[in-house]
Colleague: 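Sharing a structure with you now.
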Amino acid sequence: MRPVERGVPPAPTGAQCVDDVVRRLRELRAWAGVSEREVHRRVRRARTGRGVAELPAFDTVHRCFSPGRKRLNEDLVVEIAAVLGGDALRWRQALQGLAGGRLPESPRLGGRVEPRLLHHYWHTAVSAMDRYAPYECHQRPVAHSPAPVFRSRADATAWLNAERPTLVAVAGAHSAEFSELLGQYLEGGCHYRDAETLHAAAARSSCPRTRANALRRLSVVRWKTGRYPAALACLREALTLFRACGDRAGEGKALNNLGSVYRRMGRPREALRCYPRSIAFAGQAADRDAEANARNCLGILHAWLGRHRAAEEQQRIALDLFRDIGNQSGACRVWCDLGDVLMRTGRYDAALRCFPPAMAAAADVGDQVGLGLALARDWLVRARLGTGASSDRLDQARRIAAETGDCALESEIRYGPRVVRW
């Protein structure tokens, strides 16, 4: 761990040529106090942790520290800066500015350049997302001081809700970074319009991996708003890019999303080919969140096909994974889906025991769609039992569906889980 007295890590502020960037990168390595061999090892470990198959040779990393070059590998330099504790956003901004033949700028407000504004919002958003989804902290950049530390997920969510329009507005040329950082919050909170704005801008990136991630995120927004063919097109392009980059973790997540789109389109055979591969890639990347998501989706498909024992097995594994990593929204969805499987097999009392923890998890993290789903399924089981299902719960679920614009929840309330392919 770096001593506190080393201060702020060197940044490429004011770099006007490639050699300036190289000089600053060498200063950052000296500040971190590590050798080029250690930098190489850290970059390889970081890529392996993300499930990226393409690992750079030592000479490739060494050349990033060598002056006299005409160009640099933008993604690799940003990765090196990140593993050394630097501000990845500043490094990408500097490199993109050089590539465009201009000095990097920050957003303009009232005709003035505000170099601190973008970085203030970026690091505060990183800090907020660390509290919003702590199980993904290892995949995010470090929030540098003076970013505030949020005391609770509710505080972080309140800040994100209040500042969401500003975050989208200041993203500008850095929509790719903000798209990746805020995607889970925007999609989970049903802020689909803002999510689509950021993801669509990021999908125009010249970096294949960035483009692939943005297209995958964009597909989620489109299938959640009922645009399945558009989601399918995004995912097919994203898969091609992930495979070209050798990004197995990204490919696995895209396969899970593809399976979900096929499932919603009533194409179970295609969906069934996607989920096992997604689970395998998530296991290789040691990504328990992605594995849990894929297993629960496979369980939903098994239930729809009448394979209830297989469905329950997958969902109980997914529930354990989500609870281990602290993903309350994920646990809420699995409780709801497990309750559906138990209901389908006539175990109504056991099904009813699934919905209180689902509602508690949803309420704890402000997951409105998850809460609506739990309310709707609880009402359905009680109606099947004839034990006086309260219409208040169904009315509350209807209000949530109307407020969030979530097509799957709306269809769930209208037709029931046997028709809806979550």
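Excluded from the calculations below are hydrogen atoms, water molecules and symmetry mates; all remaining heavy atoms, backbone and side chain alike, are included.
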Colleague: Heavy atoms only: give me the nearest Gly259-Tyr275 pair and the separation to one decimal.
Modeller: C-OH, 3.0 Å

Colleague: Going by side-chain hydrogen bond (donor to acceptor under 3.5 Å, both in side chains), name the residues that satisfy it together with Arg288, two or more places apart in sequence or in a different chain.
Modeller: none

Colleague: Quick one: which of Leu375, Leu373, Leu338, Val381 gives a side-chain contact (heavy atoms from CB on, under 4.5 Å) with Phe355?
Modeller: Val381

Colleague: Would you say the side-chain atoms of Arg37 and Ser35 include a donor-acceptor pair closer than 3.5 Å?
Modeller: no

Colleague: Atom CD of residue position Glu54 - does it have more than 12 heavy atoms of other residues, nucleotides or ligands inside 6.0 Å?
Modeller: no

Colleague: Which residue in the set Arg92, Arg42, Arg50, Arg209 passes salt bridge (Lys or Arg N to Asp or Glu O under 4.0 Å) when paired with Glu79?
Modeller: Arg50

Colleague: What pairs with Pro276 under side chain to side chain contact (heavy atoms under 4.5 Å, CB included), at least two apart in sequence or on another chain?
Modeller: none

Colleague: Between Val21 and Leu72, what is the shortest heavy-atom contact and its length?
Modeller: CG1-CD1, 3.8 Å

Colleague: Could you measure the distance from the CG atom of Leu182 to the CZ atom of Arg164? Nearest 0.5 Å is fine.
Modeller: 10.5 Å

Colleague: Does a side-chain heavy-atom distance below 4.5 Å link Leu25 with Arg29?
Modeller: no

Colleague: Heavy-atom distance under 4.5 Å between the side chains of Trp91 and Glu74, does that happen here?
Modeller: no

Colleague: Looking at Arg227, is its backbone amide N or carbonyl O close enough to the side chain of Arg222 to form a donor-acceptor pair, meaning the two atoms are under 3.5 Å apart?
Modeller: no

Colleague: For a quick check under 3.5 Å, do Asp337 and Gln315 share a side-chain donor-acceptor pair by atom type?
Modeller: no

Colleague: If only atom types and distance count, is the side chain of Arg344 paired as donor or acceptor with the main-chain N or O of Ala303 below 3.5 Å?
Modeller: yes

Colleague: Is it the case that Arg153 places NZ or CZ above or below the six-membered ring of Tyr132, under 6.0 angstrom from the centre and within 45 degrees of the axis?
Modeller: yes

Colleague: Identify whether the distance between the nearest side-chain nitrogen and carboxylate oxygen of Glu38 and Arg45 falls below 4.0 Å.
Modeller: yes

Colleague: Using distance alone, with no hydrogens and no angle criterion, decide if Asp289 and Asn327 have a side-chain donor and acceptor under 3.5 Å apart.
Modeller: yes

Colleague: Is there a donor in the side chain of Asn296 and an acceptor in the side chain of Arg333, or the other way round, less than 3.5 Å apart?
Modeller: no

Colleague: When you compare the side chains of Asn213 and His199, does any donor N or O come within less than 3.5 Å of an acceptor on the partner?
Modeller: no

Colleague: Just checking, any donor-acceptor pair under 3.5 angstrom between side chains of Tyr185 and Asn161?
Modeller: yes

